[in-house]
Amino acid sequence: MSGDHFQNENQVDCGSRVNDSHKHRDKHKEHKLKDHKKDKERDKSKHSNNDYKDSSDKKHREKEKIRHKDGSADKHKEKRKEEKIKDGKIKKEKENGFGSMHVKSEPEDLYHAPKHEKSLKRERDDDDVEFKSKKIKTEDDKKAKKRKHEDVKVKPKGKVKKEVADGKKKAKKEPEEKWKWWEEERATDGSKWKFLEHKGPVFAPPYEPLPSRVKFYYDGKQMKLSPEAEEVATFFAKMLDHEYTTKDIFRKNFFKDWRKEMNSEEKSKITDLNKCDFNEMAEFFKAQSEARKSKTKEEKLKLKEENERLLQEYGFCIMDNHRERIANFRIEPPGLFRGRGDHPKMGMLKRRIRPKDIIINCSKDSKHPEPPPGTKWKEVRHDNKVTWLVSWTENIQGSIKYIMLNPSSRIKGEKDWQKYETARRLKKCVDRIRNQYRDDWKSKEMRIRQRAVALYFIDKLALRAGNEKEEGETADTVGCCSLRVEHIKLSPEKDGQEFVVEFDFLGKDSIRYYNQVPVEKRVFKNLQLFMENKEPDDDLFDRLNTTVLNKHLQELMEGLTAKVFRTYNASITLQQQLKQLTNSEDNIPAKILSYNRANRAVAILCNHQRAAPKTFEKSMQNLQTKIDAKKDQLSDAKRELKSAKADAKVRRDEKTKKSVETKKKAVERIEEQLMKLEVQATDREENKQIALGTSKLNYLDPRISVAWCKKWGVPVEKIYNKTQREKFAWALDMAEEDYEF
DNA sequence: CTAGTGACTTAGTACTTTATAC
DNA sequence: GTATAAAGTACTAAGTCACTAG
């Protein structure tokens, strides 16, 4: 199934983050059709209306938002409490990880390796909804029993090995075997943990005022700033070299927020950002970072040790008897917001987070983290239906930020595993779904046709779902459901192909998606229909949004959402490409090249791009020089071999014979080195603007890669670095060479 | 149905460390 | 050893998607 269906026509054609070339958006902003969606009867003549609506509404909305922010905490609290009471035992099947994983009709032998029996069993157990309520208890008991017997398990802590055995506490910390959580039972009651203890977050270091010799000038005259204003000024000064600081919006937002931090005197004096001279500050910070770089070994070591201490103290938590690594235990320091693309809020002040902004989440029976002396947490709660340890509300978008666990943790790993299992279930019914949406292209109902065409794009092109976004709050980017007429161009015939759709839009992170795709005639006709009588900035799928789409998908397969298609298509593409590209006679570097190429095919499909490294051209040249040198060396070696051979023919003694052998070896070695370099060059060239990391980390079922490594004798370290191996420990442990996605 | 919220995954870039070349 | 490049890590923004209240 599938494979060829997805030949990806997608050329990563120069896709660049588009800042200026995609301005086209701005001019339409004013009448974006958010509201259009509501009216099924779209009224074309309303533009002036919308204009009016938007400008007045925006302000209103902003005010609204501010109010919400203030009230939200309490509202939230109340809601939580209620929930807890109700939630006690009731919501069982809904949230439980693999519970929803398997479709009933699934064939028994999903896994081929016998080793998996255990986990397979568990999945099936969970799967059986009927039995669940009866089972929960016994399962939980079993688990509880099991866990009671376990001591706190701790991961090896790297270099810190000195304090092994002194005192009980330390003894407990002794590294044990890696915990194989994937061989254990999973909670079935929707709780994410039973016990959680941690030390709370690490706050950003307090502001250190500048030394008095570092001056700020306004309008050519020196001016002493209050600490509050100075701090914000330094944020700007630190970015002076950055392109951001030349952008109008950035400057405007910065200046507005900066003025809020000024005292009245400063406020009255400093009225024009262009008259501000931050250069001395900027110089100071440059010098400071230079100094940091040129520190002596001892100083650097000291810093490193301090860091390690912090990590050991705050970087781990205890969750259900295991010591687990926290991902981001440091609170984001204050600074200027750097949005990506044309972000309307770039340059705004991201304010400092204080203890009173922080909500702590941990178990009731744990030792709660202490706020810094003289401060209080906003709240300490005990919600085991969520995975986060700490949260706070950020002031730019008003969204919540979290401190959560590392990808190597059980809680993240289980979820990740589950994600790939859902994708594999899709594999089993994707044909059916494809047939269905093809049928739906003919539907009488517009909304069904739109849904079907959108789904086709999501499937074929691995587009993201495309939620609606609040206008003016974020950069103007789109996904499938939010595509606008202006983002596609139809050509009945182009470059010798029929029915070509040309996509050109900014996706997540304002990365440009550009692709020319020949589509089926029906799709083409439908698109023409959808575009009829619409303005460029009207929604292409005006009867569709992600909620509707996902509701539909849910009906087609339990747990199916738009993003599952991305996961599925990415993983299946990798598997196929590996099959296709791997050459059994190749040596290891060549096999790795094949792997990278397969990986790259996926990255292209998913449009994972990166800025070409600044030093790209130069490093490419260097490599070429090396290759040339190696070639010379090779021909020399060959020449020598030849003469040695000739020599041997004449002389026929042991010594010359031996010399031939050595020369032969030398040639072989050099050939291999050359080949390695050439492979490297190809790989790098092809990788110029493509980022492999994202797909490797988020879309490719790691068991495919592990199986491939085992099959071809490639050390898994060549594919996954240490961090990645930790994240995918479950896959390394369970995938055998015959694993099939 | 819609708007808003919350939790969690996915994303590219900036910075830091390590490996390799000289 | 030092300089440079590559690899790895930290950071945090920007998505997805479920759920709830009105």
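All chains are named by letter (A, B, ...) in the order of the sequence lines, taking the proteins before the strands, and each is independently numbered beginning at 1. Bear in mind the structure is a predicted one, so any value in this text is a computation, not a measurement.
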Run A/H343 and A/F337 through ring pair (Phe, Tyr, Trp, His ring centres under 6.0 Å) and show every step you take.
CA-CA 10 Å; A/H343 198 116; A/F337 176 76; 4.9 Å; yes
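- Ring pair A/H242/A/Y244 is parallel by interplanar angle, where below 30° counts as parallel and above 60° as perpendicular.
- Within the 4.0 angstrom heavy-atom criterion, no nucleotide atom of any strand lies near A/G693.
- The side chain of A/R464 contributes an N or O atom lying less than 4.0 Å from OP1 or OP2 of B/dA11.
- Which of B/dT9, B/dA11, C/dA10 sits closest to the side chain of A/H608 comes down to B/dA11.
- Residue A/K412 has a polar side-chain atom (N or O) positioned under 4.0 Å from OP1 or OP2 of B/dT9.
- The phosphate of C/dG15 has OP1 or OP2 within less than 4.0 Å of a side-chain N or O from A/T477.
- C/dT9 atom P lies 9 Å from atom CZ of A/R325, rounded to whole Å.
- Using a 4.0 Å cut-off between charged side-chain N and carboxylate O, A/E306 and A/K302 make no salt bridge.
- Close to C/dA14, at under 4.0 Å from its OP1 or OP2, lies no side-chain N or O of A/S510.
- Note on A/K350: only backbone sugar-phosphate atoms sit closer than 4.0 angstrom, heavy atoms only; bases stay farther off.
- Distance A/K385 NZ to B/dA7 P: 13 Å, rounded to the nearest Å.
- Comparing atom distances between the A/N467 side chain and each of C/dT12, C/dT16, C/dA14 picks out C/dT16 as nearest.
- Residue-level contact check: A/R566 touches the backbone only, with heavy atoms under 4.0 Å from sugar-phosphate atoms and none from bases.
- A/T546 comes within 4.0 angstrom of nothing in the nucleic acid, heavy atoms only.
- Aromatic rings from A/F254 and A/F236 are positioned such that their centres are separated by under 6.0 Å.
- Comparing A/T547 and A/G339, the nucleotide of DNA chain C nearest to each residue sits closer to the 5' end for A/G339.
- Protein atom OH of A/Y244 is 9 Å distant from nucleotide atom C1' of C/dA13, rounded to whole Å.
- Contact between the side-chain N/O atoms of A/K722 and the OP1/OP2 oxygens of C/dA7 is not found at any separation under 4.0 Å.
- OP1 or OP2 of C/dA13 has at least one side-chain nitrogen or oxygen of A/K401 nearer than 4.0 Å.
- Side-chain proximity of A/M404 to B/dC8, C/dA18, B/dT18: nearest is B/dC8.
- Checking B/dT13, B/dA14, B/dA7 against the side-chain heavy atoms of A/R340 singles out B/dT13 as nearest.
- Put simply, A/T474 has no side-chain N or O that comes within less than 4.0 Å of OP1 or OP2 on C/dA14.
- One atom, CD1 of A/I411, and another, P of B/dC8, lie 8 Å apart when rounded to the nearest Å.
- Distance, A/N698 CG to B/dG12 C1': 12 Å, rounded to whole Å.
- In this structure, of B/dC8, C/dA18, C/dG15, it is B/dC8 that holds the atom nearest to the side chain of A/K192.
- Side chains of A/L544 and A/R447 form no contact here, defined as non-hydrogen atoms less than 4.5 Å apart.
- Distances shown here put every side-chain N or O of A/K563 at or beyond 4.0 Å from the OP1 or OP2 atom of C/dG15.
- Distance from the side chain of A/K415 is smallest to B/dC8 among B/dA11, B/dC8, C/dT9.
- For the pair A/I400 CD1 and C/dA13 C1', the interatomic distance rounds to 16 Å; values are reported in whole Å.
- The nucleotide whose nearest atom lies closest to any side-chain atom of A/R330 is, among B/dA7, C/dG15, C/dC11, C/dC11.
- When the side-chain nitrogen and oxygen atoms of A/K419 are compared with OP1 and OP2 of B/dT10, one or more of them lie within a distance under 4.0 Å.
- In terms of position on DNA chain B, the residue among A/T567 and A/K551 whose nearest nucleotide sits closer to the 5' end is A/K551.
- Checking B/dA14, C/dG15, C/dT12 against the side-chain heavy atoms of A/R338 singles out B/dA14 as nearest.
- Contacts of A/P333 with the nucleic acid, taken as non-hydrogen atoms under 4.0 Å apart, involve only primed sugar atoms and P, OP1 or OP2.
- A heavy-atom distance below 4.5 Å is found between the side chains of A/L405 and A/L389.
- Residue A/V386 places its side chain closer to B/dA7 than to any other of B/dA7, B/dA11, B/dT13.
- Between B/dA14, C/dC17, B/dT13, one nucleotide has an atom nearer to the side chain of A/A562 than all others, and that is C/dC17.
- Just one of A/K508, A/K469, A/R340, A/R464 meets the side-chain hydrogen bond (donor to acceptor under 3.5 Å, both in side chains) condition when paired with A/T477; it is A/K469.
- Along DNA chain C, the nucleotide closest to A/A327 and the one closest to A/N721 are compared, and the more 5′ of them pairs with A/N721.
- A sub-4.0 Å separation between OP1 or OP2 of C/dT12 and a side-chain N or O of A/Y402 is absent.
- Distances shown here put every side-chain N or O of A/R610 at or beyond 4.0 Å from the OP1 or OP2 atom of B/dA14.
- A/M346 has its CE atom 13 Å from the C1' atom of C/dA13, to the nearest Å.
- Each of A/K727 and A/A611 was assigned the nucleotide of DNA chain B with the nearest heavy atom; the assignment lying further toward the 5' end belongs to A/K727.
- If you look at A/Y699 and A/H608, their ring centroids are closer than 6.0 Å.
- Taking only side-chain nitrogens and oxygens, A/N550 comes nearer than 4.0 Å to OP1 or OP2 of C/dC17.
- Nucleic acid contact for A/G479: none, since no nucleic acid atom lies under 4.0 Å from a heavy atom of the residue.
- C/dA14 atom P lies 12 Å from atom CD of A/E473, rounded to whole Å.
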